[in-house]
K.L.:
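Encoded as structure tokens, here's the structure I'll be asking about.
Atoms within a ligand are numbered from 1 in the order they appear, just like the ligands themselves.
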Amino acid sequence: MSFTPHPTAQDSPAWAQLEIPHSASEPFTDYSHWRLRVSDGGRQIWHFLKTEEEAAAWPQNMVDKYWLGLDTGLPTLPKAKTAHEAARNGYEFYQHLQSEDGHWSGEYGGPLFLLGGVVIGSYIANMSFTLGERLEMIRYLMNKANEDGGWGLHIEGPSTVFGTGMNYVSIRLLGMDAEHPVAVKARARLLELGGAAAISSWGKFWLALLGVYDWAGNNPVPPEIWLLPECLPFHPHRWWIQVRQVFLPMSYLYGVRFTMPENDMVLALRQELYVEDYHKIHWPSQRNNIAAIDLYAPHSAFYNAISQFLSLYELCSFSPLRKRALDWTYQHITWEDENTSYQCLAPVNKMFNLVARFHREGMESESWRMHELKRRDFLWLGPEGMMVNGTNGSQLWDTAFIVQALVETGLATEDVSYRPSLLKALDWLDQSQMTENPKHYEKAYRHRTKGAFGFSTKEQGYTVSDCTGEGIKTVLYLQSFLEFTPKPVSESRIQDAIDTILSLQNSDGGFASYELIRAGTWIEKLNPAEVFGNIMVEYNYPECTTSAITPLAIFRKHYPTYRSAEIDRAIQNAVKYLHSVQTPEGGWIGNWGICFTYATMFATESLALVGETYSTSSHSHRACEFLVGKQRADGGWGESYQSCERSEWVEHRDTQVVQTCWAVMALMYAGYPHLGPIERGVKMVMERQLPDGSWAQEAIEGVFNKSCAISYPNFKFSFPIWMLGKADKYIEHIKENATS
Ligand code: LAN
């Protein structure tokens, strides 16, 4: 084991203090100099062009302008008189946001605990940011601070110690002076909430790496757990992959008690972050000190007992065993980096991996260079500054929805001018399907990837059940439903995708996110993260289940001989699972979108696949009654992200376009026969359309792990276009049936 001596970041001009204006309403950099460079199958990285000559040689395109919040200059369109015209106007605008390689890029911000990891990790590992990036990250945080000066878990949440602590440290490291009014106010709020001593466990961990929280204040994360026999029902390879991949580098870093060497910044932060004198804090009693406002999933007594036991173990851990455990966890860390070309599963494990690799290999290494490079895939510049995206983008997800919308609404065939855009999308999808299993496969506890699609890019390399479903469904739409397209995705590659989908069905018929469910839900009792719910194991999700089976149904029609009995069974069992999780009120609880409107749209689509509709199925009937009961006087629907926290419907203050689309889509999937609610929903969405065909950004659309909201800004295009185009045909069809 090596403990690489590292230079301290503060000595580097790259982290020197900056003059920061008091107001963040205007950009701190010249927005006309930023460009989104798209490369390598959808990597999206914002570049700042230093000179006017460079800027003139590489003009801003529509994608740059739109996402930076600059005037796109797109024309006012003739006012739509029908839903179909409105859908068309929507795409007249949205086609301009397609990147030249065929996918749709976009922001994927929202969580406010990710930027802290990227900044602290970079500081520790002596990596830098450009001046523009630093300034715009500071500006983003200034813009996203709550009235009280603090930050929440996500951009719509109340201030928490986790959000405030991580982001306070970030603005300071990025160059804001401690006496800047924004820092003063944030610090006051942090101290009011109890100071950083009461930060949640992932915050404690980041602060300990930085040397501003004592390791004795952290519950143990011993790497030896990875050496336990794999057959044990709680072995980490059975945990939800997001937690497993975060726990992995954490256990390595905990095992070596990595701590950044003291410097002036570290000493200053120790003063600033705490209510009491840093050196007088009794650290062992901070392990379970979590501010009440942060707590979503309090520790179980079982977890606390295990932590106590592990604390005793730490006092007498046996060093040869520790060394073996560290070597083994390090090996797994390198496998994860290599399997994902250093993108890693998400930015949390990426930044912990980065610090672990830095610890063992130092700065003069391939891993340092690669991690340094790939950090930028997570940085996204929006109108309010630079944020850290929840993943390296949502490329596949956004591309799949808009393409399906175009095909289902008939827009794909009605206008030849849309053809190039569909052909480019197909080309991108062709290149985004994974064709091999991971380089480090079973030994790295990975699920198969052959034939799969991920949420973002092929390079990231993780199968997601519903992304594979939506990805291959989109390929089938393009290749089998349209006459003008080539067929680059071969039959055997389509079969690989179907095989991957079938490999992901759980015994009760449902589909989880990345893998099969590998352990019992009792492991949730070991959830150490306090701020998130349902993170320890995979669960079945109504949304993932639907996205997995809809392509199976389409595939079955076009390729009736391939695994057809299994496909039939898979669909039947999936529907049984969906029946079993419908709430007594008639909806389904959403896990990745907010909330009931989202999951109910998916569930009714699945039911329709087996002929269950409003008039034939009590499940579908109840779903419609539930949704219609939630429609507002203005014709729309609106749910707060708190629906996801509480698993019960919580009205949003305002009606939401995206949720209205989901609700109307659900009614249409269910074959709801009464046109009133559908027509009123359509009217509401049409009224909100802007003169250039776009829709304005409204409340946050997505969620994960019950408590953290996340933005899907492309949804405000794909779902209105889809819903309006579909509704136009649907309304006509119902009216025709009524008169015939
Ligand atoms: C995502 C983003 C995509 C999302 C969908 C495809 C929409 C979903 O249907 C399945 C699950 C998945 C892939 C998903 C899982 C959790 C992610 C990766 C995220 C919400 C993006 C960020 C989040 C990740 C867990 C953030 C890090 C936090 C931890 C608790 C580890």
K.L.:
So, does T457 use its side chain to make a donor-acceptor pair with the main chain of R43 at under 3.5 Å?
P.N.:
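No, T457 side chain to R43 backbone: no donor-acceptor pair under 3.5 Å.
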K.L.:
Which residue in the set E538, Q242, H447 passes side-chain hydrogen bond (donor to acceptor under 3.5 Å, both in side chains) when paired with Y514?
P.N.:
Q242
K.L.:
Quick check: W202 with F205 (ring centres under 6.0 Å apart)?
P.N.:
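No, they do not, as the ring centres are separated by 6.0 Å or more.
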K.L.:
Run the numbers on I124 and I120 for side-chain contact (heavy atoms from CB on, under 4.5 Å), then give the verdict.
P.N.:
CA-CA 6 Å; I124 291 174; I120 299 174; 3.8 Å; yes
K.L.:
I'd like a table of the close N/O pairs between ligand 1 and the protein (anything under 3.5 Å), one pair per line with both atom names and the distance.
P.N.:
unit_1	atom_1	unit_2	atom_2	d
ligand 1	9 (O)	D466	OD2	2.2

K.L.:
Keeping the roles fixed (side chain from S99, backbone from G102), state whether a donor-acceptor pair exists under 3.5 Å.
P.N.:
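Not at all, since once roles are kept as given, no pair shorter than 3.5 Å links the two residues.
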K.L.:
Check the pair Y94 / N714 against side chain to side chain donor-acceptor pair (under 3.5 Å), numbers first and verdict last.
P.N.:
CA-CA 9 Å; Y94 193 44; N714 276 303; 2.7 Å; yes
